[in-house]
Structures are given as structure tokens and as C-alpha cells.
Number of protein chains: 2
Amino acid sequence: MQYCVGTKVAIFEDNKLLRDGFEAICNGTPGLSCCGAYADSNSLIHKIERSNPDVVLMDIEMPGIDGITATRIITARWPDIKILIQTVFEDDDKIFNAICAGASGYILKSTPPAKMVEAIYEVQNGGSPMTPNIANRVLRLFQQFAPAVSTDNENYILSSREKEVLALMVEGNSFHNIASTLFLSYETIRTHVKRIYKKLHVASASEAVAKAIRQRLV
Amino acid sequence: MQYCVGTKVAIFEDNKLLRDGFEAICNGTPGLSCCGAYADSNSLIHKIERSNPDVVLMDIEMPGIDGITATRIITARWPDIKILIQTVFEDDDKIFNAICAGASGYILKSTPPAKMVEAIYEVQNGGSPMTPNIANRVLRLFQQFAPAVSTDNENYILSSREKEVLALMVEGNSFHNIASTLFLSYETIRTHVKRIYKKLHVASASEAVAKAIRQRLV
DNA sequence: CAAATTTTCACCCTGGCGGGGTATTGAAAT
DNA sequence: ATTTCAATACCCCGCCAGGGTGAAAATTTG
């Protein structure tokens with residue numbers, strides 16, 4: 001285990017040449033350092049705990065636990081760790097599953113080192129670097145799954161306070177809870193709720209919640 | 001109308017300065033040429049027919065027909081025209097709708113000219129350039145609507161009757177309504193609902209509805 | 001067949017929710 | 001300066017939702 005500074009990158013890649021190459025690239029880049037380079041995802045949790053990375057460079061095709069499963073495990077346990085998937089394939093199913101597993105980026109192995117380093121910086125800063133082709137597939141997947149919700153787009157203009165209340169309703173809070181959360185009177189919340197119902201053309205909390213989620217009002 | 005070579009770009013942008021700037025950038029770049037620069041989407045079809053672009057640079061915020069509607073119209077009629085959305089805002093709803101409307105890329109107006117030219121090349125070559133932050137939002141939207149395959153969920157094993165009741169709850173029906181819809185007693189519905197709550201670990205209709213929608217239980 | 005599960009129905013009670021008002025304040029728009 | 005609207009707050013009333021308990025058919029399962 002070496003001393004690590006800046007953004008700590010852990011590498012999961014079964015090909016030793018590539019693995020060593022990535023490690024060299026990381027350690028050779030100011031602000032980056034490799035805190036672990038592994039050939040497989042065995043003892044995954046232990047490896048992550050020991051290396052304590054900010055970003056994980058994850059190969060999808062690995063012996064044993066595959067990269068997508070590993071991604072799912074890591075994001076479930078460490079939501080703040082960014083995972084950059086890298087692969088030789090760009091098929092829809094893998095992309096879809098990787099995204100659902102919580103990947104923050106998806107790049108091809110053919111990506112030149114300079115772009116790869118840039119990608120690591122981007123995930124670290126909340127971005128989601130994707131090879132343009134991958135991005136295109138994501139958009140197409142999205143269009144494929146979205147029409148179910150993009151139906152009646154009435155323009156509901158809720159005030160900021162109303163949106164706030166609605167958001168808390170979606171989380172399942174009672175009006176009393178919402179009141180104490182926002183440091184407001186219970187009756188005030190009820191007034192807001194009544195207005196929300198009028199604006200959304202609904203008559204119950206469940207309906208409001210359903211509409212809020214479906215139309216992404218919160 | 002000027003003579004056009006290479007990739008023909010049409011620009012829709014209400015701000016004259018930006019519009020002229022983009023036009024200059026396009027015409028000043030080898031392989032690109034501006035085949036039309038418009039301040040609004042009036043006579044949209046006629047404008048597209050006349051300029052016959054390969055790529056459309058579309059501003060979302062425009063007087064009259066907004067950019068998303070324009071995108072929808074163009075992609076419906078000319079599926080091969082690539083549309084690059086550009087905007088100052090990066091809010092989820094606009095991104096979502098733009099993607100559903102068929103946009104091929106989504107960049108911020110703050111994108112430097114060099115990156116913008118690169119983005120035009122990328123859409124033309126089947127890619128989907130996105131600002132890293134936008135890409136991140138797209139991924140998050142995706143994760144929000146896609147957990148259909150994430151099997152690591154809890155014991156949400158609802159009986160078929162319970163799923164049926166839950167589905168009617170999601171549609172906003174009252175228990176009395178559900179009872180008469182299913183030709184059952186009101187008390188029966190209440191019993192089912194209580195069991196649903198226990199299984200989903202919730203304590204109200206709103207929570208159950210939210211969980212049902214989010215976890216794709218209906 | 002017996003056991004387990006699902007589905008069905010019933011009653012009581014408390015409290016929160018939905019609908020109807022009314023009213024004051026401050027900020028933004030005109 | 002006046003109007004409009006968002007945000008705040010309170011009242012009453014009725015009813016449905018949520019919780020507990022119990023139990024009897026029907027169906028699936030062992």
C-alpha cells in the first residue's frame with residue numbers, strides 16, 4: 001500500500017498489461033494516484049475498504065464477480081464512490097445494467113490516456129463522461145423507456161413552497177411532520193396542500209404523490 | 001441563401017448576438033457551413049425545407065414555439081436531422097423532455113466555440129455530445145425510471161390480489177371505489193391494504209403509492 | 001388428506017385528512 | 001398607490017383511513 005494524495009483511483013482490470021498501464025498513468029498524473037490495482041473482484045469489500053478510493057475504474061469483463069455486480073455492491077455500500085466503467089463492448093444491455101447499477105461514467109478501452117484522465121476528473125467533479133457513441137445509446141435507451149411517462153404534460157405551476165410541501169408528501173410525511181420540518185403551523189401546511197390539490201386537479205395525498213412522481217414535479 | 005458545403009448547420013436562437021456568433025463560427029470552420037439562422041420557430045417546416053440542414057442547433061428558450069416542440073416537429077418529419085439542444089438551464093424537466101423529443105445532444109451555452117464545433121462533428125457521426133453535468137443528470141433520470149431490473153429489493157412479494165388493489169390505489173381510487181370496482185366488500189379492501197402496508201413497510205396510502213411507482217410494483 | 005396461504009368479510013375506535021370558510025401580512029406587479 | 005398573489009394561520013364538520021382483533025371460506029401446497 002502506497003501513500004496516496006489527490007484523487008485516489010482503484011483499478012479493477014483482469015488484463016495485467018492494461019492494469020499496469022492504468023496504474024502508471026494514474027501515478028504519473030499530478031493530482032491522481034492509484035490506491036489499488038486488482039485483477040478481480042474477490043474480497044471486493046475488503047479491497048475497497050483497504051484502498052479507500054474516490055474513483056473506481058471498473059472493467060466489465062472480469063473472471064468471478066463481473067464489473068456490473070461489483071458496481072452494484074460498491075454503490076450500495078459507498079454511495080460517494082464514483083465508478084467509471086470501461087469496456088471493449090458497447091452493447092445496450094451492458095450499458096443499461098451498468099447505469100442501473102450506479103455507474104457514473106462509461107468509456108471505451110480504446111479511449112486514449114489523456115481522455116481517460118480527463119474522464120476521471122469529470123466523474124470526480126460530478127460529471128458523467130461517456131464516449132459519444134455510448135451517450136447516444138443511452139439517449140436511445142432513454143427514449144425507449146420514457147414514453148410511458150411523458151404523457152399528458154399539463155403545466156402545473158406550483159409555488160416554491162408548494163413544491164417543498166409536495167416533496168415532503170412524496171417522502172411519505174404526515175402533514176404534522178411536514179409542519180414541524182418546515183417550522184410552520186399544521187394549518188398552514190393544510191392550506192398549501194389544499195392549493196396543491198386544486199392546481200394538480202386531485203383530491204387526495206396519494207393522487208398528488210402519484211402525479212408528482214410521474215410528472216417529475218419534485 | 002448562400003451556397004453550402006460539408007455539414008450544413010441551421011441555427012435557431014433568438015439572441016441576435018449569439019446567433020450571428022454561431023453563424024460566424026460555423027462558416028469559419030472547414031467542413032461546416034451555416035445554411036440558415038433564425039430567431040424563432042415560426043414557419044418551422046418551411047425554414048427546414050429551405051435550408052435543408054444536417055444538424056440543427058436549437059435554443060430551448062425561444063419566443064413562440066419553444067425549442068423542445070420544434071425538436072419534436074423536426075424529428076418526426078426528418079428523422080435523419082440531428083438536433084443539438086443548447087440552453088442556459090440544466091433542469092431535469094427540460095432535459096427529459098428534450099431527450100424524449102428526439103434531441104441528439106444537449107450542451108450548455110457556456111460551452112466554448114471549439115467544444116461546440118466538436119459537438120457538431122460528434123452528432124453528425126452518430127454521437128451524443130453532452131456537457132458532463134447534463135450527462136450526469138441523464139444518468140440519474142435513467143436510474144430513477146429504470147430500477148425494473150434491480151432485483152436486490154426486499155421481500156416485496158405481493159399476492160396477485162394485493163397487486164391489483166395497489167394498482168388501483170396508484171390510480172388514485174378511494175377504498176370504496178376499489179371495492180366496487182373489484183366487486184368486493186369495503187372491509188376486504190381494507191384488509192388487503194393493511195397487508196400491503198405491512199409488506200411494503202409503509203403506513204399510509206401515499207407511501208405505498210410512492211413505493212409502488214418507484215419500485216415498479218405495478 | 002392436512003397444512004399453509006390467500007381471499008374474503010366484520011366490528012370498534014381514534015385521529016388525521018379533505019372541503020368549506022375567513023383573515024392578515026408582505027412582496028411583487030401594475 | 002392599488003392590486004394581486006404567495007405565505008401564513010385559524011375555525012368547523014364529516015368521513016375515511018389506519019390499527020387492532022377475529023374468523024370463515026377457498027385455494028395452493030406438502
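The structure displayed is predicted, hence computed values, not measured ones. A, B, ... follow the sequence lines: proteins, then strands. Residue 1 opens every chain.
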[N] OP1/OP2 closer than 4.0 Å to side-chain N/O of [X]:
X: A:S160; N: D:dA7; value: yes
X: B:T188; N: C:dC9; value: yes
X: A:T191; N: D:dC10; value: no
X: B:R195; N: C:dT7; value: no
X: B:Y186; N: D:dC16; value: no

Open item on the list: Can you see whether B:Q86 engages B:T111 through a side-chain donor-acceptor pair at a distance of less than 3.5 angstrom?
Closed with: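 No pair is found: no donor N or O on one side chain lies under 3.5 Å from an acceptor on the other.
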
TODO: Please determine if B:K109 and B:E13 form a salt bridge, counting it only when a charged side-chain N lies under 4.0 Å from a carboxylate O.
DONE: yes

Open item on the list: Under 4.0 Å between a side-chain nitrogen and a carboxylate oxygen: does that hold for A:R77 and A:E49?
Closed with: yes

For atom [atom1] of [X] and atom [atom2] of [N], their distance in whole Å:
X: A:I196; N: D:dT8; atom1: CD1; atom2: P; result: 12 Å
X: B:E187; N: D:dC16; atom1: CD; atom2: P; result: 12 Å
X: A:E164; N: D:dA7; atom1: CD; atom2: C1'; result: 12 Å
X: A:L158; N: D:dC5; atom1: CG; atom2: C1'; result: 15 Å
X: B:R161; N: D:dT27; atom1: CZ; atom2: C1'; result: 13 Å
X: B:L184; N: D:dA24; atom1: CG; atom2: C1'; result: 16 Å
X: A:Y197; N: C:dG20; atom1: OH; atom2: C1'; result: 16 Å
X: A:I189; N: D:dC11; atom1: CD1; atom2: P; result: 16 Å

TODO: Using a 4.5 Å cut-off on heavy atoms from C-beta on, say whether the side chain of A:Y106 contacts that of A:K94.
DONE: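 Yes; the side chains approach each other to less than 4.5 Å.
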
Open item on the list: For a 4.5 angstrom cut-off between non-hydrogen side-chain atoms, does A:I60 reach A:I68?
Closed with: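 Yes. Closest side-chain heavy atoms under 4.5 Å.
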
- [ ] Check whether the side chain of A:K194 and the base of C:dG20 form a donor-acceptor pair under 3.5 Å.
- [x] yes

Open item on the list: Is there, by distance only and without an angle test, a donor paired with an acceptor across the side chain of B:R190 and the base of D:dG19 below 3.5 Å?
Closed with: yes

TODO: Tell me what B:H192 touches on the nucleic acid: a base, only sugar-phosphate, or nothing, going by heavy atoms under 4.0 Å.
DONE: base

- [ ] Show your working on salt bridge (Lys or Arg N to Asp or Glu O under 4.0 Å) between A:R72 and A:D66 and close with a plain yes or no.
- [x] CA-CA 10 Å; A:R72 195 169 293 135; A:D66 69 294; over 6 Å; no

Open item on the list: Checking side-chain contact (heavy atoms from CB on, under 4.5 Å) between B:E122 and each of B:S104, B:S128, B:P129, which is the one that passes?
Closed with: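 That would be B:P129; it is the only one of B:S104, B:S128, B:P129 passing the side-chain contact (heavy atoms from CB on, under 4.5 Å) with B:E122.
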
Task: Axial bend angle, the helix from C:dA3-D:dT28 to C:dT30-D:dA1: five-pair end segments, nearest 10° - done: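 Roughly 60°, once rounded to the nearest ten degrees.
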
